[in-house]
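Report on the structure given below.
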2 protein chains.
Amino acid sequence: MNSLDSVRSIRRPSLHEELTDTLRTMIVEGVLVAGEKVPERKLCEKLGVSRTPMREALKVLAADGLLTLQPNRGAKVRGITVEELEEVFPLMGALEALAGELACANVSDAQMNQIRFSHEAMLDCYHSSDMPGYFRHNQRIHELILEAAGNQALSDMYRTLAVRVRRARYLANMSKERWRMAVAEHEQILLALEARDPQELGGILKRHLENKFATVRHWLNSQQSRE
Amino acid sequence: MNSLDSVRSIRRPSLHEELTDTLRTMIVEGVLVAGEKVPERKLCEKLGVSRTPMREALKVLAADGLLTLQPNRGAKVRGITVEELEEVFPLMGALEALAGELACANVSDAQMNQIRFSHEAMLDCYHSSDMPGYFRHNQRIHELILEAAGNQALSDMYRTLAVRVRRARYLANMSKERWRMAVAEHEQILLALEARDPQELGGILKRHLENKFATVRHWLNSQQSRE
DNA sequence: AAATTGAATTTTGCATTCATTATTAATTTA
DNA sequence: TAAATTAATAATGAATGCAAAATTCAATTT
């Protein structure tokens, strides 16, 4: 066996791939504001790239549902309406339930430990009222469950949807009461996963999601009536 | 009310959108062969477009999972492996079940008639052993159920997955016996939908899918061992 | 002054060009 | 002659150029 066999060719991502990720992040973080036009030229200058890879990235993000392309009028950040949320919610519910089922069957001990670790870290954030930290660890846990499910196609689909609602979820702050409840639900999630109970886990994940969405829906409605 | 208010602005699709559709069709129809490189230059010449919109379309189709982009080595038609099929199958199952549930709740009488009509047309094809026709009407029925579900996000996701497996499904010819069974399952689907029984419909759709996949899996395995 | 018209400007979609990287062919070396 | 090296050719990725469309803004009309 040659010693060079283990040297993997370095993966240099193409510009449009990097741009897709960058823009996606900018949308989720609200740097690119929902409803507003994507300033193509400015972004190109700011990021030091030409329009070609930028426009490729825009096309991909539009296919992902994060932007809408208006012929001859550029791209707009799509955001999410209450109606769209009502569509996306049952979809994510079905995917979460499936992820839960699969995770119970496939989660490894190492993965289980990672989940426990993130769970604890999330609890710490809760007790110190660190919302951004909580949000981050929360997201991580769901990512880990998805990973434990061991289904790439499922992960991809779920993530596409999750990104679409993430911004709204972040902006829709939980009430103290709702936060307490969410933490309780997460305790149940951990328990069901440790017990490898697919039925139970699928159910809790769906209920948990339902509650999260109730919060977002409430916020979206209040936003809509504000205009 | 102005008489011009009803005049909708004509939608002229951009080149890259048309190309995306064209290429998608070419992949499903096997004009672009799974595993082979996409002849970018030739396609551009053949279709009379420049590389810019073509490459935009390639990026989108790669994001959809229909192509893989190899850095500095062009795009390859992805096809589907047995492993990927095993991933996509439960996903589509969950989506079909959801579609069934929603369709029971939301299907209109007009939609119900359309479905019945396609069902009858499909039966005719079965009795005259017209496989391509059967395949077409079959696909149409599933499209109609999805439409009846009234969830755009669900339709989009399902279609993305369906396209990925469609080519393989087409190539994996059903046995006489399996075909008879598939028709029987479709009778049950129609019955459950007419009875607006979401539980029943979801279950049958999932079982129906399971059988379809068994056929494809069998074919993929025989293909794999042939090489 | 409000609405309408019409240039000037910007933006957009796509084609073209160019540098870099792969692939193939030709040549050399062992 | 087979492997290795080099040169020639083709492809890819990204920047630039250009015509068509949209937008802005000033001029004109009502």
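Order of the sequence lines fixes the chain letters, A, B, ..., with proteins taken first and strands second; residue numbering starts at 1 for each chain. This one's a predicted model, so the numbers in the text were calculated from it and none came from an experiment.
The interatomic distance linking A/Leu43 (CG) with C/dT12 (C1') rounds to 15 Å, in whole Å. Between A/Leu19 atom CG and D/dA14 atom P there is a gap of 9 Å when expressed in whole angstrom units. One can place NE2 of A/His16 at 15 Å from P of D/dT12, the figure rounded to the nearest angstrom. Separating the CE atom of A/Met54 from the P atom of C/dC14 is a distance of 18 Å, rounded to the nearest angstrom. In this structure, the CD atom of B/Glu45 is 13 Å from the C1' atom of D/dA11, given to the nearest Å. Remark: P of D/dA15 and CD of B/Glu56 are 14 Å apart, rounded to the nearest angstrom. Distance A/Leu69 CG to C/dT12 P: 11 Å, rounded to the nearest Å. Rounded to whole angstrom, the span from the NZ atom of B/Lys76 across to the P atom of D/dT12 amounts to 13 Å.
Sequence neighbours left out, the pairs with a member in residues 18-28 of chain A that pass salt bridge (charged side-chain N to carboxylate O under 4.0 Å, His left out) are A/Asp21-A/Arg24, A/Arg24-A/Asp64. For the salt bridge (charged side-chain N to carboxylate O under 4.0 Å, His left out) condition, the pairs that include at least one residue of residues 149-163 of chain B, sequence neighbours left out, are B/Glu143-B/Arg159. Residue pairs meeting the salt bridge (charged side-chain N to carboxylate O under 4.0 Å, His left out) criterion with at least one member in residues 164-175 of chain B, sequence neighbours excluded, are B/Glu84-B/Arg164.
When each of B/Val38 and A/Val49 is assigned the nucleotide of DNA chain D bearing its nearest heavy atom, the one mapping closer to the 5' terminus is B/Val38.
Using a distance-only test at 3.5 Å, with no hydrogens or angles considered, no donor-acceptor pair links the side chain of A/Arg78 to the main chain of A/Thr68.
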Distances under 3.5 Å between protein N/O atoms and the N/O atoms of nucleotides 18-20 of chain D, please, pair by pair.
none

Distances under 3.5 Å between protein N/O atoms and the N/O atoms of nucleotides 8-11 of chain C, please, pair by pair.
| residue | atom | partner | partner atom | Å |
| --- | --- | --- | --- | --- |
| C/dT11 | OP2 | A/Arg41 | NE | 3.3 |

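For B/Glu36, the side-chain contact (heavy atoms from CB on, under 4.5 Å) partners at least two apart in sequence or on another chain are B/Val33. With sequence neighbours excluded, the residues satisfying salt bridge (charged side-chain N to carboxylate O under 4.0 Å, His left out) with A/Arg217 are A/Glu86. Applying the ring pair (Phe, Tyr, Trp, His ring centres under 6.0 Å) test to A/Tyr170 and every residue at least two apart in sequence or in another chain returns A/Phe135.
Taking 4.0 angstrom as the limit, B/Ser50 places a side-chain polar atom (N or O) nearer than this to OP1 or OP2 of C/dA15.
A salt bridge links A/Glu45 to A/Arg41: one of the charged nitrogens lies within less than 4.0 Å of a carboxylate oxygen.
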Please set out all donor-acceptor pairs under 3.5 angstrom arising from side-chain atoms of residues 97-109 of chain A, sequence neighbours excluded.
| residue | atom | partner | partner atom | Å |
| --- | --- | --- | --- | --- |
| A/Asn106 | ND2 | A/Leu102 | O | 3.2 |
| A/Asn106 | ND2 | A/Ala149 | O | 3.1 |
| A/Ser108 | OG | A/Gln111 | N | 3.1 |
| A/Ser108 | OG | A/Gln111 | OE1 | 3.3 |

